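Shown next, in structure tokens, is the structure this report addresses.
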Amino acid sequence: MTSTMASTKTDHAGGISVLELDGRERGELEALARTLTRAGAGLVDDTGWQARARAESCRLPARLSRTVRAFRHDAGPDGTLTVTNLPVAPELLPATPTVPDSVERGATVPAALAVLLGCELGTVIAYRDEKHGALVQNVVPVPTLAGSQSNGGSVQLEFHTENAFHPHRPDFVGLLCLRPAHEDQVGTQVASIRRARPLLDAATLTVLQEDRFVTEAPPSFRTAELSSPLPVLTGAPEDPDICVDFHATRALDNAAEKALVELREALSAVRQDVVLRPGDMIFVDNRLVVHGRVAFSPRYDGTDRWLHRVFVHLDHRRSRGHRPGDGPVLT
């Protein structure tokens, strides 16, 4: 018998592309992930396990593979893709971690899922100075980081390009929900430059395309690195890439500061809020979209929001000079 195949759809409340897996696809994906939990050393950061995951990603359900590949080719006006009904069972999870630099080293089913989908999109990478270079990182509230602009904080997280200061920042960021926020209150916020650009005047766009901005490394990095002066918008003027962190990017003159304010207002005007539930994974095109998070009040009781995060590069060769031993971890 042939199962009913749901098609890729649009969330009409926000315009974000959503693919909901059917029961057969979910079962196939769970079997594939469980195979990886038993592969090699059973450790996500083991090079042998990574090679196996890359090979197994070719066996994703066909509709999922087609959708991810289409998103890789063109992320659309909103620059995001959410896959739902992934085989995540929150009732089987341990308590939500509450320590700084929390990562997932073991090849659990959720970790395997995050890597499998990331591998279909490109090459999963990490940064040595961020969470010790782990490929699968936990996004969880941490008591000692509550007031920080970081993945462990619980204050409002400003719009930002992931690792905006780095010359080889991720092309895509993936967030897989293992455990939802209390009462579904915490939303991931996204805003696309493709939506915001028409709201900016020509003079502002010109300033944003000039080398008049510097960006510091985020708090999650154990470095005080500062980028050289760079533009915020690059590439085709009619369809630019964006690179900015409204907490860490600083304008070098008054006109540039005014342009930053206007850009933030435009992005806020096209902002979309996404509430992730267990088994939802959102991919954000980090070249087109800035993302953030609303403020929330964690309970630190083991049931708080828990996401797995992965970073993806499209051109692995380009960062070779930053990857010792040709591995996946950048310095």
Side-chain angles (χ1 to χ4, degrees), residues 19-69 71-72 81-97 101-127 131-140 151 170 172-180 276-284 305-313 316 327-329:
L19 174 69
E20 180 179 359
L21 301 183
D22 63 26
R24 179 183 60 80
E25 292 166 328
R26 177 187 169 106
E28 290 177 359
L29 199 50
E30 182 172 10
L32 189 58
R34 290 198 180 281
T35 297
L36 282 174
T37 66
R38 302 185 294 269
L43 297 173
V44 171
D45 298 297
D46 175 74
T47 55
W49 189 92
Q50 294 161 23
R52 178 71 179 272
R54 284 192 295 272
E56 295 294 344
S57 70
C58 298
R59 298 173 54 204
L60 293 180
R63 190 169 63 103
L64 173 59
S65 180
R66 287 196 302 269
T67 301
V68 172
R69 285 174 176 266
F71 176 69
R72 167 183 172 146
L81 169 66
T82 301
V83 181
T84 70
N85 200 30
L86 291 166
V88 171
E91 68 276 6
L92 301 179
L93 296 173
T96 299
D101 292 332
S102 178
V103 299
E104 194 65 46
R105 300 287 188 184
T108 62
V109 167
L113 289 171
V115 174
L116 279 168
L117 270 65
C119 285
E120 185 66 1
L121 194 55
T123 301
V124 178
I125 56 96
Y127 299 84
K131 298 208 175 192
H132 307 289
L135 292 188
V136 177
Q137 304 170 4
N138 289 323
V139 177
V140 293
N151 59 82
F172 296 95
V173 179
L175 297 170
L176 170 63
C177 181
L178 280 67
R179 179 171 284 137
L276 298 175
R277 296 177 176 85
D280 293 354
M281 186 167 191
I282 186 170
F283 283 100
V284 174
R305 177 178 185 252
W306 184 0
L307 310 179
H308 277 346
R309 181 176 69 179
V310 293
F311 299 143
V312 176
H313 269 171
H316 198 45
V329 181

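The structure presented is a predicted model; accordingly, all values stated were derived computationally and were not measured.
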Just wondering, do [Y] and [X] contact through their side chains at under 4.5 Å, heavy atoms?
{"X": "Arg66", "Y": "Leu19", "value": "no"}
{"X": "Leu29", "Y": "Leu60", "value": "yes"}
{"X": "Phe311", "Y": "Val173", "value": "yes"}
{"X": "Leu64", "Y": "Glu25", "value": "no"}
{"X": "Pro278", "Y": "Trp306", "value": "no"}
{"X": "Leu135", "Y": "Pro328", "value": "yes"}
{"X": "Val88", "Y": "Val109", "value": "no"}

> How about Arg105: does its CZ atom have over 12 heavy atoms from other parts shown lying under 6.0 Å from it?
Replying inline: yes
Keeping [X] on the side-chain end and [Y] on the backbone end, is there a donor-acceptor pair under 3.5 Å?
{"X": "Glu120", "Y": "Leu117", "value": "no"}
{"X": "Gln50", "Y": "Asp45", "value": "yes"}
{"X": "Ser65", "Y": "Ala62", "value": "no"}
{"X": "Asn138", "Y": "Val103", "value": "yes"}
{"X": "Trp49", "Y": "Leu36", "value": "yes"}
{"X": "Lys131", "Y": "Ala126", "value": "no"}

>> Using 0.5 Å steps for rounding, measure from the CG atom of Leu86 to the CG atom of Asp280.
In response: 7.5 Å
> How many angstroms lie between CD in Glu56 and OG1 in Thr35, if you round to the nearest 0.5 Å?
Replying inline: 6.5 Å
>> Restricting to non-hydrogen atoms, name the atom on Val140 and the atom on Ser102 that form the minimum distance, rounded to 0.1 Å.
In response: CG2-CB, 4.3 Å
> When the ring planes of Phe71 and Phe172 are compared, do they come out parallel, tilted or perpendicular, using 30° and 60° as the limits?
Replying inline: tilted
> What do the steps show when you test Thr108 against Thr37 for side chain to side chain contact (heavy atoms under 4.5 Å, CB included), and what is the final call?
Replying inline: CA-CA 6 Å; Thr108 62; Thr37 66; 5.6 Å; no
> Could you go step by step and tell me if Arg26 and Glu30 meet the salt bridge (Lys or Arg N to Asp or Glu O under 4.0 Å) rule?
Replying inline: CA-CA 6 Å; Arg26 177 187 169 106; Glu30 182 172 10; 5.0 Å; no
>> Arg72: which residues meet the side-chain hydrogen bond (donor to acceptor under 3.5 Å, both in side chains) condition with it, sequence neighbours left out?
In response: none
